[in-house]
J.: 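Take this structure first; my questions come after.
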There are 2 protein chains.
Amino acid sequence: MPPIKVKMLDSENGKGAAKAARKPRPRAQTRIQREKQDVILEAALDVFSREGFRGATIDQIAEAAGMSKPNLLYYFPRKEEIYKRLMTSMLDVWLTPLRELDSVGDPVPEIRSYIRRKLEMSRDFPRQSRLFANEMLQGAPRILDVLEGDLKQLVDEKAGVLEGWMQQGKIVRTDPYHLIFSIWATTQHYADFDVQVRAVLGKDRGGEGRFEDAARFLENLFMRGVFPHKD
Amino acid sequence: MPPIKVKMLDSENGKGAAKAARKPRPRAQTRIQREKQDVILEAALDVFSREGFRGATIDQIAEAAGMSKPNLLYYFPRKEEIYKRLMTSMLDVWLTPLRELDSVGDPVPEIRSYIRRKLEMSRDFPRQSRLFANEMLQGAPRILDVLEGDLKQLVDEKAGVLEGWMQQGKIVRTDPYHLIFSIWATTQHYADFDVQVRAVLGKDRGGEGRFEDAARFLENLFMRGVFPHKD
DNA sequence: CAGAAATTTGACCAGTTGGAAAAAACGTTA
DNA sequence: TAACGTTTTTTCCAACTGGTCAAATTTCTG
């Protein structure tokens, strides 16, 4: 009955999707459908990223989206659908910076701008970062297959790129996987642990400028640490 | 009625604690009380670190602790008590490595061993790390005062130590706060994002050796990045 | 061992939760 | 405007939630 078909990263259940409608015309999405779905996803991002999957309630999401619970359930027949949709779309965006790491480019600006872009994502999409972190903390029960599949593959490839640069002597010889981890960790920290960062920096230094400072610091850390130095 | 008095980092509610017992003898803790409380806290750490405060249920904790819900509630009359106890004791342990950073020592081994100890904590107490991370993701509603108080104070002090070293030219001149953040981020990553790390490293490299590799990598990153280099 | 204190259990409760069903309201288009 | 598909609201429910309470059981102490 629900007119929304969601592409999901399902792995186990293949039963709920049956129940063929009498009029099998899916009939393309309405304008309202698209709009409301966006509103819901936006609200859900807020709630899920704070409370995690179990901690979030449909009521909270519905209220944040400015609609009644049954109305919300009309668009996403179950809580998990919302979460999955958020997850997949987030993962896609989230990995774009790494995908753009180009073996053809020069290592220094390539790595530098990768770090910068990742930091910008923490600044501009902190909730997505937290959503992801929340899933990780829970042991990634819903996206483990993605991690072991697409993500591993992408990282393997980029680790290869880094290793190539190392062999050419363009960057210091080190573990490419842990290098990637450290970039993830340091940049995402500013989204996931934002409260702590701001609390420690205090009112004066905890403003928007903290991202500038972080960028400067990280660039320094990685450049001096990762690249051969001759001074 | 409940014989357990918990030291908590309360900030607002000062009402529930009243209700003076008729026999005001607190009567010291029983052996059973100590044992069971430990069992409960252990179980609660498991559940809270995975599900967060809201996501965790007393039933889950009780089952993990091998006792009935009312029995558990006999020792900790409310869910929040358990959480607070975990939080305070965890925070204390968690900051020990930073407290030990000694201004008198030599910067290189001091910072190096700080990183090592933090990484060891991620390896040996990953659930504590995740518990903390979970609280951060939620905006630290229950420990914000600690962050802005004790934690900030400690970090301010240690940032001062780092700055001293910088002025002596013993370490590279950089932002001491973000340096501390980056050590936190990179080391805690191996606890909080453990699933991801293992998924990406794969079966062959994802074993226990990953902490060795991480230690080697991080040492390299920070030493070469933070300290003046003359080769 | 008796009695008291400590511990455990079972039954229970009110509020919340995810979700179903159906009817009502709305919008569109022939 | 009538008919039909879409959207929204109302009502409802069973399972789960945090927590209470009194009774039953176990453990300790004199």
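Quantities reported herein were computed from a predicted structural model and do not represent experimental measurements. Lettering follows sequence order; numbering is per chain, from 1.
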J.: Heavy-atom contacts under 4.0 Å between residues 56-66 of chain B and DNA chain C, which residues?
T.: none
J.: Under 4.0 Å between a side-chain N/O of B:Q33 and OP1 or OP2 of C:dT7, yes or no?
T.: yes
J.: Who passes salt bridge (Lys or Arg N to Asp or Glu O under 4.0 Å) against B:K69, sequence neighbours left out?
T.: B:D59
J.: How would nucleotides 20-30 of chain D be written as a contact map, 5' to 3', with B for base contact, S for sugar-phosphate-only contact and - for no contact, using protein heavy atoms under 4.0 Å?
T.: BB------S--
J.: Using salt bridge (Lys or Arg N to Asp or Glu O under 4.0 Å) as the criterion, list what pairs up with B:D156, not counting sequence neighbours.
T.: B:K152
J.: Measure CZ/A:R34 against C1'/D:dT6 and give the value in whole Å, please.
T.: 14 Å
J.: Rounded to the Å, how far apart are A:K79 NZ and C:dG19 C1'?
T.: 12 Å
J.: Check this one for me: any side-chain N or O of B:N71 less than 4.0 Å away from OP1 or OP2 of C:dT9?
T.: yes
J.: For B:R116, give me all partners under salt bridge (Lys or Arg N to Asp or Glu O under 4.0 Å), at least two apart in sequence or on another chain.
T.: B:E120
J.: Check side chain to side chain contact (heavy atoms under 4.5 Å, CB included) between B:Q60 and all other residues, then give those that pass, not counting sequence neighbours.
T.: A:R54, B:V47, B:E51, B:T57
J.: Nearest whole angstrom, please: distance from the P of C:dT17 to the OH of A:Y83.
T.: 18 Å
J.: Hey, is the side chain of A:Y74 poking within less than 4.0 Å of OP1 or OP2 on D:dT8, counting only N and O atoms?
T.: no
J.: So, OP1 or OP2 of C:dT8: does either fall under 4.0 Å of a side-chain N or O from B:S68?
T.: no
J.: Quick check: on DNA chain D, is the nucleotide nearest A:K36 upstream (toward 5') of the one nearest B:E80, or the reverse? Name the residue that is more 5'.
T.: A:K36
